[in-house]
A.B. asks: 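This is the structure I have questions about; it appears just below.
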Amino acid sequence: MISRRRFATSLGAGLVLSPFLQHLAGGPARAAGKRAKRVLLFCTMGTFPDLWTPTGVSGESTFTLTASTQPLDAIRPNLVMVDGLVSGNPGDNHGSPDALTGLGFSYSGQSTLISVDQYLGDKLVANGVNRPISTLLLGAETNGSGGKSMFNRGNNLPTIGSPLSAFNTVFGGASTPPVSGGTGPSPDQLLRRRKSILDLVTGEVNGLRGVLGASERAKLDVHLDSLRQVENRLSQSMMPTTGTSSGAACKTPTTTPAADTSNVLSADLLHMDVLVSAFACDITRVAAIQFGSDQTMSVNLPDLSLQGEEHGGFIHGGGPDFKNLIKLEAWLAQRFVDLATKLKAIPEADGSGSLFDNTLMVWARDMGDAVNHNQKNMRFVFAGGAGGYMKTAPTGRYLHFDGSDPNARHERALLSILDAMGISTFAGFGDPKLAGASKTPLPGLAA
């Protein structure tokens, strides 16, 4: 029998195989219950409301998706669209922290700013859910043109910009010092030194396979194969574009994210794979990917004949028809669906369905109306099985708040994220002036 202690002393195996360690104790599988096991935040810039708002609405389950959201039709049975929620600071512009914190620039206690991802990570740790990475923040160019990410802990938090750095952060060894200020080995040196994380833990993998039952062995094989595919894709994406005699498997990226993410959206596709594998390995329960910053996102999608810059070009220079913005929004919607598809394909180690069945996916934006620069109509897309937390319908649900309810603050959507993960007290999060019904999860979302 392989002990938990043996695995704990081997970081590579401990991270890669952590969701399977419970089987070594022979304990029963945990039921999913009515709470999500993990949260995935999909973060983008605001859009033009007319492009997003469903049409033909005759009830919360009868509506038509627009051209920019049409790809979401693939996951309608697990889809809840929400709009009409007002920020506490409706006049705030791009780059304000409202979206995931519930607090804007006008609030005097800026040191208390904390985004829902960070607050949730802290709460999980306090509740004994200790994963190697409490919150994983990924995304290329999230500081482009002086912009900001949507994540805060007192100050604005950066994301990991390089997919290779993200992979090393999630699956690398802790004994190797990180790259900082030009000291320590570069990311490609780390990758070559390890050669393959899976190769390093071959002995542990074979030992674990020997004590698992047939069902768990099959899940382990799927799990490891998925990780191997991510590693191969990263290596291939880093191949030199010109001839080389060094035989190196990848280019040598710099420590600056912008220098090794020349195609921003291609880099973010790799980030998506790292994020899914981090969930599959149970390395984190809270992860986010952000596409671009609040000020810019470079778009290079030859298959759609779409090139340019999102903010100044597609949003503010794209009217009146916004054809390029519609194309980009539909592309983003398909990526949201792709994440759902990837999660559906991976079984939970404890037998409680797929990763999708126990994940709450949330598409959040930095503002409601990006064209007119306001947060009067914040919008969210909730999806995933969420452990049975959400009330769903075969044709999806659309919850519209018309502004007549003063308690319909967008912070309540953030409180629903916490509630879905079993967090029921919200002290220290959001606007301290909110009380009563305004400081409760969003009505109508939970089952």
Side-chain angles (χ1 to χ4, degrees), residues 42-55 65-72 81 83-87 89-100 104-105 139-151 156 158-159 161 257-259 261-269 271 289-336 363-381 410:
F42 186 91
C43 300
T44 69
M45 200 180 292
T47 186
F48 185 47
D50 290 352
L51 306 184
W52 187 95
T53 305
T55 61
L65 296 170
T66 65
S68 65
T69 61
Q70 181 57 40
L72 298 177
M81 302 177 72
D83 71 358
L85 300 171
V86 65
S87 164
N89 305 273
D92 274 357
N93 208 322
H94 289 294
S96 65
D98 302 63
L100 295 181
F105 288 137
E141 204 182 41
T142 60
N143 62 347
S145 297
K148 298 180 176 68
S149 76
M150 289 169 59
F151 317 110
N156 188 243
T159 59
T261 54
S262 56
N263 189 321
V264 175
L265 297 184
S266 292
D268 283 335
L269 293 181
H271 278 306
I289 180 169
Q290 179 171 322
F291 291 80
S293 75
D294 63 271
Q295 293 298 316
T296 187
M297 183 171 71
S298 303
V299 177
N300 181 13
L301 297 171
D303 291 348
L304 299 179
S305 300
L306 192 60
Q307 275 192 316
E309 190 277 314
E310 180 187 21
H311 188 179
F314 299 168
I315 292 178
H316 294 304
D321 52 22
F322 296 105
K323 288 182 179 178
N324 285 338
L325 184 59
I326 291 173
K327 286 184 180 180
L328 177 61
E329 287 282 315
W331 185 89
L332 289 168
Q334 184 59 56
R335 304 292 76 77
F336 189 74
W363 186 346
R365 298 175 181 270
D366 75 329
M367 61 171 50
D369 187 337
V371 175
N372 294 303
H373 281 175
N374 68 64
Q375 300 190 1
K376 297 177 181 179
N377 186 348
M378 302 292 277
R379 59 200 72 246
F380 295 85
V381 175
H410 98 277

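Below, all heavy atoms of this structure are taken into account, side chains as well, without hydrogens, waters or symmetry copies.
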A.B. asks: Heavy atoms only: give me the nearest I326-A67 pair and the separation to one decimal.
C.D. replies: CG2-CB, 3.9 Å
A.B. asks: Grab the two heavy atoms, one from A364 and one from L100, that are nearest each other, plus how far apart they are.
C.D. replies: CB-CD2, 4.0 Å
A.B. asks: So does G368 get a backbone contact from the side chain of H410, meaning a donor-acceptor N/O pair under 3.5 Å?
C.D. replies: no
A.B. asks: Which heavy atom of S68 sits nearest to which heavy atom of A333, and what is that distance?
C.D. replies: O-CB, 3.8 Å
A.B. asks: Is K327 atom NZ crowded by more than 12 heavy atoms from other residues, nucleotides or ligands, each under 6.0 Å away?
C.D. replies: yes
A.B. asks: Closest heavy-atom contact between F322 and I315?
C.D. replies: CE2-O, 3.2 Å
A.B. asks: Between L306 and N324, is the side chain to side chain contact (heavy atoms under 4.5 Å, CB included) condition met? List the steps.
C.D. replies: CA-CA 7 Å; L306 192 60; N324 285 338; 3.3 Å; yes
A.B. asks: Do you know the tightest heavy-atom contact between A140 and A267?
C.D. replies: CB-CB, 4.0 Å
A.B. asks: Mind running side chain to side chain contact (heavy atoms under 4.5 Å, CB included) on M367 and H94 for me, showing each step along the way?
C.D. replies: CA-CA 7 Å; M367 61 171 50; H94 289 294; 3.7 Å; yes
A.B. asks: If we ignore hydrogens and angles and just use 3.5 Å, is the side chain of S293 paired with the main-chain N or O of Q295 as donor and acceptor?
C.D. replies: yes
A.B. asks: Would you find a donor on one side and an acceptor on the other, under 3.5 Å apart, between the side chain of D83 and the backbone of M378?
C.D. replies: no
A.B. asks: Nearest 0.5 angstrom please: S266 OG to N300 CG, how far?
C.D. replies: 7.0 Å
A.B. asks: Test side chain to side chain contact (heavy atoms under 4.5 Å, CB included) on F151 and C43 and set out the steps.
C.D. replies: CA-CA 10 Å; F151 317 110; C43 300; 4.0 Å; yes
A.B. asks: Classify the ring geometry of H311 against H316: parallel below 30°, tilted from 30° to 60°, perpendicular beyond 60°.
C.D. replies: tilted
A.B. asks: Measure the CD-CD distance between E329 and Q70 for me, rounded to the nearest 0.5 Å.
C.D. replies: 14.0 Å
A.B. asks: Return the minimal non-hydrogen interatomic distance between G161 and H271, and the atom names on each side.
C.D. replies: O-NE2, 2.9 Å
A.B. asks: Answer yes or no: is there a donor N or O on one side and an acceptor on the other, between the side chain of D294 and the main chain of K148, under 3.5 Å?
C.D. replies: yes
A.B. asks: Please verify the inter-ring angle class for F291 with F42; under 30° counts as parallel, over 60° as perpendicular, anything in between as tilted.
C.D. replies: tilted
A.B. asks: Quick check: do R335 and L265 have side-chain heavy atoms less than 4.5 Å from each other?
C.D. replies: no
A.B. asks: So, taking the atom named CG in L301 and the one named CG in L328, what distance separates them when rounded to the nearest 0.5 Å?
C.D. replies: 7.0 Å
A.B. asks: Which atom pairs, donor and acceptor, lie under 3.5 Å between side-chain atoms of residues 44-55 and protein residues at least two apart or in another chain?
C.D. replies:
residue	atom	partner	partner atom	Å
T44	OG1	W363	NE1	2.9
T44	OG1	R365	NH1	3.3
T53	OG1	P49	O	2.9

A.B. asks: Hey, could you give me the OG1/CG distance between T142 and D268, rounded to the nearest 0.5 Å?
C.D. replies: 9.0 Å
A.B. asks: I'd like to know if the side chain of N89 reaches the main chain of D92, judged simply by a donor and an acceptor atom lying under 3.5 Å from each other, with no hydrogens or angles considered.
C.D. replies: no
A.B. asks: Have T159 and S149 got a donor and an acceptor in their side chains that come within less than 3.5 Å?
C.D. replies: no
A.B. asks: Scan side-chain atoms only and decide if T66 and T69 contain a donor-acceptor pair under the 3.5 Å cut-off.
C.D. replies: yes
A.B. asks: I'd like to know if the side chain of Q375 pairs up with that of S87 as donor and acceptor (distance under 3.5 Å, no hydrogens or angles considered).
C.D. replies: yes
A.B. asks: Between E141 (side chain only) and G144 (backbone N and O only), is there a donor and an acceptor less than 3.5 Å apart?
C.D. replies: no
A.B. asks: Looking only at atom types and distance, does a side-chain atom of Q290 sit under 3.5 Å from a main-chain N or O of G292, one as donor and one as acceptor?
C.D. replies: yes
A.B. asks: Might you work through the side chain to side chain contact (heavy atoms under 4.5 Å, CB included) test for M81 and L65, ending with a clear yes or no?
C.D. replies: CA-CA 10 Å; M81 302 177 72; L65 296 170; 3.5 Å; yes
A.B. asks: Compare all side-chain heavy atoms of V299 with those of W331 and state whether any distance is below 4.5 angstrom.
C.D. replies: no
